[in-house]
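Just below is one structure, and these are the notes that go with it.
The figures here come from the full heavy-atom set of this structure, side chains too, leaving out hydrogens, waters and symmetry mates. Counting starts at 1 for both ligands and their atoms, following the listed order.
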Amino acid sequence: MAYASFRDFLAALEKSGELTRVGVPVDTELLITEWADREMKSPGGGKALLFEQPVVDGKVSKFPVAINTMGSRKRMAMALGRESIDEIAQEIQLILKAKPPTSLRDGFALLKQGIHLLHARPKSVSSAASQEVVQILDPSTTGISLRDIPILKCWPKDGGRFITLPHVHTRDPETGARNVGCYRMQIFDERTTAMHWQVHKVGARHGKRYYERNERMPVAVTLGGDPALSFAATAPLPDGIDEILFAGFLRKKSIEMVKCKTIDLEVPAEADFVLEGYVQPGELRPEGPFGDHTGYYTAIEDYPVFHLTAITHRKDAIYPTTIVGIPPMEDFYMGDASVRIFLPVFKMNFPELVDMTLPAEGVFHNLVFVSIRKHYPYQAFKVMHGLWGMGQMMFSKYIVVVDEDCDVHNTSEVLFRLCANTDPERDTSVIKNPSDSLDHAPSEQNIGSHMGFDATRKLPGENYRRKWPELLRMSDEARRLVDQLQKRTT
Ligand SMILES: Cc1cc2nc3c(=O)[nH]c(=O)nc-3n(C[C@H](O)[C@H](O)[C@H](O)COP(=O)(O)O)c2cc1C
């Protein structure tokens with residue numbers, strides 16, 4: 001089901017008992033974070049929160065703040081209009097099965113084609129709710145500014161206020177291909193922000209093209225609208241797969257796009273806010289510190305500057321945001337959905353792959369658990385090396401491979417297998433690979449070592465010269481009898 005607006009999505013959450021309204025004034029500086037952090041740490045991710053009276057610089061903002069709207073399995077599925085995320089994985093599997101691809105490249109090409117066939121192509125429209133109020137920013141402008149949007153200062157030592165759930169729209173100046181990525185933006189003043197696209201991300205690659213041509217880069221940022229796009233902007237789609245198309249596929253309805261007022265880009269017509277502007281080649285400014293996904297503050301570093309040329313918005317706009325920090329946080333459910341949706345694509349490349357998860361403790365890239373159906377020696381190593389070569393999986397710091405009968409979603413079971421089944425020298429592989437820019441542990445930023453653990457049972461040919469022992473299992477008969485006895489005593 002496609003939502004007509006972000007407000008419509010919040011209404012659906014409220015109807016399902018998934019949203020709590022907060023009617024009292026709450027400061028956007030630290031207090032919304034503290035409130036939302038308690039919610040995100042409660043069992044299953046708590047509820048979505050709608051702060052109806054967010055306070056900025058001592059004044060109540062006219063725009064409410066919504067947070068934790070995707071922070072549980074149920075809400076993440078609702079954001080994509082499904083009962084369960086696994087429905088989407090099944091739909092992707094059907095597309096891939098239509099004509100089984102012979103390589104990963106083929107797989108994504110087919111996926112793209114399938115998505116097109118499902119009428120997900122964006123539609124251009126000439127008028128839009130996201131442009132109900134238009135504020136062109138020239139020197140005499142006195143209307144809405146970034147100060148009027150209830151943007152959070154999340155953690156005490158943050159360098160300022162940060163937009164944390166933006167959809168950053170850019171175009172490759174050579175191919176015209178569009179990209180939408182979620183890159184945080186620190187507010188410098190009413191007209192400028194930082195643009196925190198890290199070096200490995202598509203926005204940064206597009207930026208590099210403009211710098212090489214010494215051309216000003218048009219950038220549009222949207223906030224709100226259908227949450228399918230918020231998810232698509234964070235999903236690790238291969239460079240070249242259009243997030244607008246993908247979001248259209250997810251919501252089973254094209255996204256309507258409208259031309260920006262001051263730059264040559266199109267944005268979703270149903271967004272809550274649109275920030276139009278540009279990035280000037282070569283202009284960098286210190287960004288941070290910021291309390292990050294890692295649970296630590298990331299240090300101050302130079303990033304491009306985004307200059308605003310216009311702000312447009314819905315009259316009844318709601319500001320969507322999130323916070324990141326020590327896990328578990330809302331972003332865990334977004335990352336988890338990505339893995340589950342793309343599992344069929346991984347399985348296509350690794351037929352032995354049974355299941356995979358990125359546990360919350362690993363904050364996306366630090367820890368990956370994979371189960372495989374193992375047939376031949378060193379197959380676990382083949383899988384981990386293959387994963388390190390796939391898009392953003394390159395950042396995976398620790399990959400643990402277990403046998404198919406181990407539930408990767410049960411961290412305790414995986415740790416038991418890891419400890420029981422490995423001889424550290426024989427069963428590990430350490431490689432050099434690019435590291436996540438946010439990872440503070442490597443000696444140098446963006447590069448580091450990663451480690452794979454083969455926690456599967458050892459086969460002949462894997463330097464194990466003894467008989468592999470049998471895992472304890474109770475007999476079916478004993479289990480059945482105890483089930484009956486327990487029923488009688490309760
Ligand atoms: C809440 C949230 C905030 C994020 N902030 C950033 C960020 O500031 N910079 C960045 O490069 N990636 C950030 N990411 C990760 C990217 O959104 C993600 O890697 C995405 O796939 C990038 O899209 P791209 O491949 O089109 O560049 C964030 C993810 C989430 C869930």
Verdict with supporting geometry, Asp292 and Thr298, side-chain hydrogen bond (donor to acceptor under 3.5 Å, both in side chains)
CA-CA 6 Å; Asp292 227 316; Thr298 38; 2.9 Å; yes

Please check: side-chain N/O of Ser145 versus main-chain N/O of Arg147, any donor-acceptor pairing under 3.5 Å?
yes

Please report which non-hydrogen protein atom sits nearest to atom 18 (C) of ligand 1, along with the residue it belongs to and the distance in Å to one decimal place.
Thr234 O, 3.5 Å

Could you tell me which atoms of ligand 1, counted from 1 in the order shown, lie closer than 4.0 angstrom to a heavy atom of Pro236?
21 (O)

Donor-acceptor under 3.5 Å (Gln186 side chain, Gly159 main chain)
yes

At under 4.0 Å between heavy atoms, what of Thr164 touches ligand 1? The answer is backbone

Of the listed options (Gly240, Ser338, Pro166, Cys182), which comes nearest to atom 16 (C) of ligand 1 when hydrogens are ignored and any heavy atom counts?
Cys182

Residue portion contacting ligand 1 (non-hydrogen atoms closer than 4.0 Å) for Ala204:
neither

For Thr262 and Glu276, test the side chains for any donor-to-acceptor distance below 3.5 angstrom and give the result as yes or no.
yes

Would you mind listing which atoms of ligand 1 come within a distance below 4.0 Å of any non-hydrogen atom of Ala233?
17 (O), 20 (C), 23 (O)

Hey, is ligand 1 close enough to Gly181 that some N/O pair sits below 3.5 Å?
no

Heavy-atom distance to atom 29 (C) of ligand 1: which of Glu287, Gln392, His293, His196 wins?
His293

Stepwise ring pair (Phe, Tyr, Trp, His ring centres under 6.0 Å) test for Phe162 and Phe290
CA-CA 8 Å; Phe162 284 81; Phe290 178 65; 4.4 Å; yes

Asn179 heavy atoms within 4.0 Å reach ligand 1 at atoms 26 (O)

Looking at non-hydrogen atoms alone, which of Met334, His206, Lys201 comes nearest to atom 15 (C) of ligand 1?
Lys201

Side chain of His450, backbone of Asn366: donor and acceptor closer than 3.5 Å?
no

So, is Gln198 polar-close to ligand 1, with some N/O to N/O distance under 3.5 Å?
yes

Between the candidates Tyr183, Phe162, Phe231, which shows the shortest non-hydrogen contact distance to atom 27 (O) of ligand 1?
Tyr183

